[in-house]
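Everything quoted here is computed from the prediction, not taken from an experiment. Each ligand, and each atom within it, is numbered from 1 in the order the structure gives.
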Amino acid sequence: MKAWIGTIGEYVDEEVTIEGWLWNVRSSGKIIFLQLRDGTGFIQGVVVKSEVDPAVFAACQNLTQESSLKVVGKVRREERSPSGYELTVYAVEPIHITSDYPITPKEHGVDFLMDHRHLWIRSPRQRAILKIRAEIIRAMRSYLDGNGFTQVDPPILTPSSCEGTTNLFHTKYFDEDAYLTQSGQLYMEAAAIALGKVYSFGPTFRAEKSKTRRHLIEFWMIEPEMAFCTHQENMDVQEAFVKHIVSHMLDNCELELTTIERDLAPLQEVLAGPFPRISYDEAIERLQKMGHDLKWGEDFGAPHETDLTNQFSRPLFVEKFPAAIKAFYMQPDPNRPDVILGADLLAPEGYGEIIGGSERIHDLALLQKRFAEHGLGREYEWYLDLRRYGSVRHSGFGIGLERTIAWICGLDHVRETIPFPRLLNRIYP
Ligand code: 4AD
Ligand code: MG
């Protein structure tokens with residue numbers, strides 16, 4: 001019977017056929033250990049010379065790493081194996097014999113592995129990360145779908161920018177100029193007025209010349225937007241959302257998190273209490289006390305975020321940034337118009353910003369003033385209509401999928417969180 005390794009426990013003491021690949025092989029002369037994978041999991045197949053047809057044993061000796069094959073054997077419980085099972089192999093049918101597979105069990109440099117990303121994703125660690133990615137997406141959707149949000153898909157080709165013009169990818173749209181989207185937010189605001197609570201989930205593009213462990217050129221973002229929602233309520237939703245993701249991952253991905261040797265204690269700690277909330281003012285004071293040469297009005301860099309988050313064990317909201325360093329659409333604090341009613345959520349363990357969010361300006365005159373200050377023109381006219389017809393207080397946020405994965409996996413670079421990363425100087429493979 002055809003079986004998948006992921007559900008092999010259903011076939012204990014039965015004879016099964018597995019179709020897959022050999023990712024490693026060891027031999028002791030009389031026994032060959034086939035490390036098999038079929039995409040759904042990994043299992044060890046044991047071929048004992050004295051118990052199989054000599055032709056089968058000979059065929060096994062010719063198998064090479066990443067050859068594809070069909071294996072027939074009996075499933076046994078094996079407590080010492082990570083999967084909990086082992087296969088006693090009776091027959092092996094090679095499908096395609098591989099020669100000179102480039103990624104061997106020895107150490108390879110990151111550039112080499114990145115050049116072979118199309119093959120590297122077969123390895124147990126990379127596979128586990130991609131499984132975790134899929135499960136984080138499921139967790140994000142299940143929270144939003146279960147809490148009255150409707151998915152709305154904003155366009156990817158846009159006539160204007162959302163987060164400022166410095167990092168746009170330009171393209172021609174027939175005779176007009178167009179840009180790849182930096183964020184669907186402005187469209188999601190229109191959708192929130194139409195549908196109440198909405199979210200988008202899609203690719204986002206930033207032509208940033210940043211070569212850091214947190215920056216991708218193409219990344220995926222989830223952008224919830226809520227009508228009749230204040231800055232405080234926005235943070236409450238973000239906290240519940242992030243806790244849901246972490247708790248879902250601890251419940252559903254222990255095998256993959258263990259495969260990549262993630263320490264689970266800091267993730268459990270995320271669920272243990274409320275997320276601290278501090279103002280930008282307080283953050284600046286804390287950073288200055290730590291010896292950073294940073295003045296009020298300046299934006300944080302990665303080292304600032306890292307040092308700040310290291311003072312806390314749970315994700316940290318930093319709210320009320322100076323209006324001058326944030327996007328044009330953010331609602332000013334009525335008691336103090338030089339700061340905005342918005343927050344960044346910084347992940348613990350030094351990871352830094354995973355969410356940017358705010359209340360949006362709902363007053364037409366104030367938004368028109370911002371337009372004038374930022375030189376925004378006719379291509380945004382429709383956005384002003386949202387303030388002309390039934391304007392309400394509304395808020396939303398954007399969570400970067402890859403930064404969230406990097407944090408939950410404990411990775412030191414976002415490049416491993418996405419199947420085929422687009423980085424400064426890399427668009428291959
Ligand atoms: O802070 P950002 O730029 O906010 C926005 O785009 C808002 N319009 C979102 C909203 O309110 N709807 O980006 C949001 C998140 C960041 O916190 C970060 O997690 C991620 O997107 N992000 C990146 N991830 C990887 N590579 C990059 N270059 C990223 N830039 C932002
Ligand atoms: Mg941001």
Q. Considering only protein heavy atoms, which is closest to atom 19 (O) of ligand 1, and at what distance to one decimal place?
A. Ile354 O, 2.8 Å
Q | Numbering as shown, the atoms of ligand 1 that approach Ser183 to under 4.0 Å (heavy-atom distance) | A | 6 (O), 8 (N)
Q.
Within the 4.0 Å heavy-atom shell around Arg214, which atoms of ligand 1 are there?
A. 25 (C), 26 (N)
Q.
One pair to check against side chain to side chain donor-acceptor pair (under 3.5 Å): Glu416 and Gln126. What are the steps and the verdict?
A. CA-CA 7 Å; Glu416 287 177 44; Gln126 297 307 313; 2.9 Å; yes
Q.
I need the nearest protein heavy-atom contact for atom 11 (O) of ligand 1: residue, atom name and distance, please.
A. Arg360 NH2, 3.0 Å
(Q) Within ligand 1, which atoms have a heavy atom of Tyr329 less than 4.0 Å away? (A) 7 (C), 8 (N)
Q.
Any nitrogen or oxygen of Cys162, side chain or backbone, less than 3.5 Å from one on ligand 1?
A. no
(Q) Pairs of nitrogen or oxygen atoms closer than 3.5 Å, one from Gln185 and one from ligand 1: do any exist? (A) yes
Q. So between Gln182, Arg206, Met188, Lys326, whose heavy atom ends up nearest atom 6 (O) of ligand 1?
A. Arg206
Q | Arg387 and Glu189 ion-paired at < 4.0 Å | A | yes
Q: May I ask whether Val414 has any heavy atom positioned less than 4.0 angstrom from an atom of ligand 1?
A: no
**Q.** Residue, atom name and distance, where the atom is the protein heavy atom closest to atom 15 (C) of ligand 1
**A.** Gly398 O, 3.7 Å
Q: Would you mind running through ligand 1 and noting each atom that sits below 4.0 Å from a heavy atom of Phe397?
A: 10 (C), 11 (O), 12 (N)
**Q.** Greater than 12 external heavy atoms within 6.0 Å of Glu208's CD
**A.** yes
Q: Using a 4.0 Å heavy-atom cut-off, say whether Thr204 meets ligand 1 through its side chain, its backbone, both or neither.
A: neither
Q) Of all the non-hydrogen atoms in the protein, which one sits nearest to atom 18 (C) of ligand 1, and at what distance? A) Arg403 NH1, 3.5 Å
Q: May I ask you to check whether over 12 heavy atoms, not counting those of Lys131, lie within 6.0 Å of atom NZ?
A: no
Q. With respect to Leu250, which candidate in Val270, Ile245, Leu264 satisfies the side chain to side chain contact (heavy atoms under 4.5 Å, CB included) definition?
A. Leu264
Q | Validation row: Tyr280, Trp296 side chains within 4.5 angstrom (heavy atoms) | A | yes
Q | Leu216-ligand 1 polar pair, N/O distance under 3.5 Å | A | yes
(Q) If I compare all heavy atoms of Pro332 with all of Arg370, which pair ends up nearest, and what's the gap? (A) CG-NH2, 3.7 Å
Q) Which is it for Glu208 and ligand 1 at heavy atoms under 4.0 Å: side chain, backbone, both or neither? A) side chain
(Q) If the test is side chain to side chain contact (heavy atoms under 4.5 Å, CB included), which one of Arg138, Arg133, Met140 qualifies with Ile136? (A) Met140
Q | Closest protein heavy atom to atom 31 (C) of ligand 1, given as residue, atom name and distance to 0.1 Å | A | Phe219 CZ, 3.4 Å
**Q.** Option nearest atom 12 (N) of ligand 1 (shortest heavy-atom distance, choices Met221, Glu163, Glu353, Glu223)
**A.** Glu223
